[in-house]
Peer 1: 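Quick one: this structure, given as structure tokens, is what I'll be asking you about.
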Amino acid sequence: MFKLQPHSIRFKLIASLLAVSLFIGLLSLLVGGNLLYQSVLDEVNNRIRQDLNVAKVIYEGRTGSVRTALEITVSAPGFYAMAASGGPAEALRDINPLFRNLKLDFFGIVDVRRLCPGNPKNPGGPAGLNPLAAYVLKHRKGVSGTIVMTPEQLAHEAPALGDRADIRPLPARQDGMVGGNQEGRTGAGLPGLAIGAAVPIMKDGCMAGIIYGGFLLNGDTAIVDKINETVFENEVYKGRNLGTATIFYRDLRIATNVTDADGNRALGTTASPEVSRTVLEKGQRWTDRAKVLDDWYITAYEPITDIGGRRVGMFYVGVLEAKYRDVREKALAVFAAITLAGMAIAMGLGWLFTGRIMRPVSHLIRASAEISGGNFSPDIGPISKDDIGLLQKKFLSMTRALKRREHRQQVESQIQLIQSEKQASVGKLAAGVAHEINNPLTAVLTFTHLILRRKDLAQEVRSDLEIVAAQTERVRRIVKSLLDFSRQSALAPESTDLNRLISDTVRLMKNQALIKGIDLSFHRDDRLSPLTLDRNQFQSVLINIILNALDATGSGGKIELSVNPNSSEKGGAVIRISDTGCGIPPEHINRLFDPFFTTKDVGKGTGLGLAVSAGVIQRHGGTVKVRSAVGEGSTFIIRLPEKPAEKKTRER
Ligand code: ADP
């Protein structure tokens, strides 16, 4: 099982997956969150503009309803007679139930004749006249809309109206909402903003009077509450009205459902200077987010113009921004949760994937450890179908190659061991036998030669004795070889130029090769550095192998010697001696270095040459191998180290 270490592939993979998912998550959090909020804001801004239009329709509908009621009243049968009788105006109101239900704040009938200048019944002349009536008097047609009423006009209509209009300014606030505007204020109080209508009372085609009525907007809750009810359905968000509506006299809040912290309507506060400038001075609509008391609203303001076309106030609707901000925060929270979930999934998947990817790798690591412990058939688990599968297959073929090499080395060292044991035992035996035979042989040879010196010997006896001497001589030679083999004399190593040693030896053998019609050649390695070896013993090895090659090769054949034929050997040399002779049958190859193994006729070979040569090479710390194909030729490959190992130089 893999641990999550900082340098492990699993750690790196999981960290990259986490980084990618975090990056994508943060990006979508920022971009997506903002896009979402922006589109919500756009939607809210659209909504607020529509809400403002609806609010205006409600506002204008109220003035329209007053006018309709007045027109119906005027046209009612008996109205003129009643009005002309000079009865109380309230009585006239009862003529029309529609009129009665309106519950007007002010209402009156003006006798046009009384308004003539100099008329003693004129209650102050046109100056004290209600602006709605004044408009009808001037323009001789009905009117409905917004008017500003001076405190005097208000007091004239009803004393209570003056008090209602006089909204107390609140102390200055930090958010710029300062106390009430003092403009237009007289000693009697604040002017009132009112809506209403006035229609002429016609008699015989002439205007005999004017009937008018309306509502004072200062402190009035009907319109703003109606807006809240119609547009926002009185929705409350976290204890606050979601939607708010306000009517301003100039920049002063005179009717509103915006409440302060105590839940009181925020009358007597003003709009910000920026809003007043845009709406009142420039006459433009204003839409933006704005702080109203303690909360942020998405707001829309529009100017209110009176019946004379003057901008006298503002109309406002706004929705609580908190609701939409919360939408954004919720969306961001969802994005963040998705990011975290994505990271958790990335981590889980990373863990799973790396587990699956690394399982075969961990098998390979274990298998490598087993190989170094000597097991060349380790379990590497199932072969993957991916790139790691390729690695596993390569690993398998590598282990097979290692196994084969190990096996070959084992077989070779076993052969060498057997060879050495054989040589040792045969050597001992040979030494004993040779020692025992040598003395009697010397005696036989000495006496044979002594007898041969005699002159009186019959020719027949003499030739027999000569055969005895020759054969005894041959036995001596065999005994000498046996002694050579058994002694395996100690090496006398010295620094040797191997190229020179071989070319000297080749020169020695050249004549024999010429006689047999064989081409004997040598390819030197000029980059070869000197080797430490016993020149004499190694030369006899070379002679022995070349002699065998000469024996095996017929006229017209070739014997080639070369040093390091493939490339320069590091710290040593490879000598190759190949011939185009008869070759060695496979069943003889393993016996080639056995003492007394020979295929030559009796008297021609002793079978000791290669055994002695192998011993010399071994004592130099080298190896000798043979490759051969019957009918094609044989190649002897000798590998020599730079220097013979110490123990090999000791005599056995
Ligand atoms: P001997 O030469 O006395 O037979 P060796 O030990 O030198 O003894 O050789 C053993 C045998 O190996 C030879 O009898 C011969 O059959 C075989 N042999 C050695 N070298 C070659 C060669 N180059 N080609 C064919 N056979 C060879």
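Just follow the structure's listing: the first ligand is 1, and inside any ligand the first atom is 1. For the numbers below, each heavy atom of this structure counts, side chains included, while hydrogens, waters and symmetry mates do not. The first residue in the sequence is number 1, and the count goes up from there. Computed from a predicted model, the values in this text were never measured in an experiment.
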Peer 1: Return yes if some donor-acceptor pair links the side-chain N/O of Ser384 with the main-chain N/O of Asp386 below 3.5 Å, else return no.
Peer 2: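 A pair under 3.5 Å: no.
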Peer 1: Treating His620 as the side-chain partner and Asp534 as the backbone partner, does any N or O pair qualify as donor plus acceptor under 3.5 Å?
Peer 2: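 Checking the backbone N and O of Asp534 against the side chain of His620, a donor-acceptor pair under 3.5 Å is found.
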Peer 1: Are the side chain of Gln537 and the backbone N or O of Ala492 linked by a donor-acceptor pair below 3.5 Å?
Peer 2: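 Flag not set: sc Gln537 to bb Ala492 has no pair under 3.5 Å.
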Peer 1: Which residue holds the protein heavy atom closest to atom 22 (C) of ligand 1, what is that atom called, and what is the gap in Å?
Peer 2: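 Going by distance alone, atom 22 (C) of ligand 1 is nearest to Ala552 CB, 3.8 Å.
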Peer 1: Pairs of nitrogen or oxygen atoms closer than 3.5 Å, one from Leu610 and one from ligand 1: do any exist?
Peer 2: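 Looking only at distances, the answer is yes, because the N/O contact criterion of under 3.5 Å is met.
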Peer 1: Please examine the side chains of Val612 and Asn544, heavy atoms only from C-beta on, and report whether any two atoms are closer than 4.5 Å.
Peer 2: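 Counting from C-beta outward, Asn544 and Val612 never come under 4.5 Å.
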Peer 1: Can you sort out which atoms of ligand 1 are near Ser634, meaning under 4.0 Å from one of its heavy atoms?
Peer 2: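 Numbered from 1, ligand 1 contributes 24 (N).
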Peer 1: Give the numbers and elements of all ligand 1 atoms closer than 4.0 Å to a heavy atom of Thr606.
Peer 2: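 Numbered from 1, ligand 1 contributes 3 (O).
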Peer 1: Is it true that Asp326 and Lys323 make a salt bridge, defined as a side-chain N closer than 4.0 Å to a carboxylate O?
Peer 2: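 A salt bridge is absent here (no side-chain N lies under 4.0 Å from a carboxylate O).
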Peer 1: Which residue in the set Thr623, Asn564, Val563 passes side-chain contact (heavy atoms from CB on, under 4.5 Å) when paired with Val574?
Peer 2: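 In the set Thr623, Asn564, Val563, the residue that makes a side-chain contact (heavy atoms from CB on, under 4.5 Å) with Val574 is Asn564.
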Peer 1: Is the shortest side-chain heavy-atom distance between Thr553 and Lys558 below 4.5 Å?
Peer 2: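 No, side chains not in contact.
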Peer 1: Do Glu473 and Arg476 touch side chain to side chain, with heavy atoms closer than 4.5 Å?
Peer 2: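 Yes, their side chains come closer than 4.5 Å.
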Peer 1: Only heavy atoms count here, so choose which of Gly607, Cys582, Ala614 is nearest to atom 1 (P) of ligand 1.
Peer 2: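 Checking each option, the heavy atom nearest atom 1 (P) of ligand 1 is found in Gly607.
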Peer 1: By the side chain to side chain donor-acceptor pair (under 3.5 Å) test, which pairs, at least two apart or in different chains, include something from residues 32-43?
Peer 2: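 Found Tyr37-Glu321.
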Peer 1: Do me a favour and list the nearest non-hydrogen protein atom to atom 11 (C) of ligand 1 with residue, atom name and distance?
Peer 2: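 Nearest neighbour among protein heavy atoms for atom 11 (C) of ligand 1, to 0.1 Å: Phe597 O, 3.8 Å.
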Peer 1: Near Gly605, which atoms of ligand 1 are under 4.0 Å from a heavy atom of that residue?
Peer 2: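 It comes down to these atoms of ligand 1: 3 (O).
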Peer 1: Counting non-hydrogen protein atoms only, what is the nearest one to atom 19 (C) of ligand 1? Give residue, atom name and distance.
Peer 2: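 Result: Asn548 ND2, 3.4 Å.
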Peer 1: Is any side-chain heavy atom of Ile638 closer than 4.5 Å to a side-chain heavy atom of Ile577?
Peer 2: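 Contact flag for Ile638/Ile577 side chains = yes.
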Peer 1: Any idea which protein heavy atom is nearest atom 2 (O) of ligand 1, and the distance to it?
Peer 2: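 Closest protein heavy atom to atom 2 (O) of ligand 1: Lys600 NZ, 2.7 Å.
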Peer 1: Could you check atom 4 (O) of ligand 1 against the protein and tell me its nearest heavy-atom contact, residue, atom and distance included?
Peer 2: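 Of every protein heavy atom, Thr598 OG1, 2.6 Å lies nearest to atom 4 (O) of ligand 1.
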Peer 1: Can you tell me how far CG of Leu402 sits from CD of Gln409, rounded to the nearest 0.5 angstrom?
Peer 2: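 Gln409 CD to Leu402 CG: 9.5 Å, rounded to 0.5 Å.
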Peer 1: With a cut-off of 4.0 Å, which atoms of ligand 1 are near a heavy atom of Gly609?
Peer 2: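 Counting from 1, the qualifying ligand atoms are 5 (P), 6 (O), 7 (O), 8 (O).
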Peer 1: Considering heavy atoms of the protein only, find what lies nearest to atom 23 (N) of ligand 1 and give residue, atom and distance to 0.1 Å.
Peer 2: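 The closest one turns out to be Asp579 OD2, 3.0 Å.
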Peer 1: Looking at ligand 1, does Ala549 have a heavy atom less than 4.0 Å from it?
Peer 2: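 Right, Ala549 reaches ligand 1.
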Peer 1: Identify the protein heavy atom lying closest to atom 26 (N) of ligand 1, giving its residue, its atom name and the separation to 0.1 Å.
Peer 2: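 The answer is Ile584 CG1, 3.5 Å.
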Peer 1: Consider ligand 1: state whether an atom of it lies below 4.0 angstrom from any non-hydrogen atom of Phe636.
Peer 2: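 In this structure, Phe636 qualifies as a contact of ligand 1 - some heavy atom is under 4.0 Å.
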Peer 1: What protein heavy atom lies closest to atom 16 (O) of ligand 1? Include the residue and the distance to one decimal.
Peer 2: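 Of every protein heavy atom, Thr599 OG1, 2.3 Å lies nearest to atom 16 (O) of ligand 1.
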Peer 1: Would you say ligand 1 has an N or O under 3.5 Å from any N or O of Leu592?
Peer 2: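 Checking ligand 1 against Leu592, no N or O pair falls under 3.5 Å apart.
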Peer 1: Could you tell me whether Asp551 approaches ligand 1 through its side chain, its backbone, both or neither, with non-hydrogen atoms closer than 4.0 Å?
Peer 2: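 The answer is neither.
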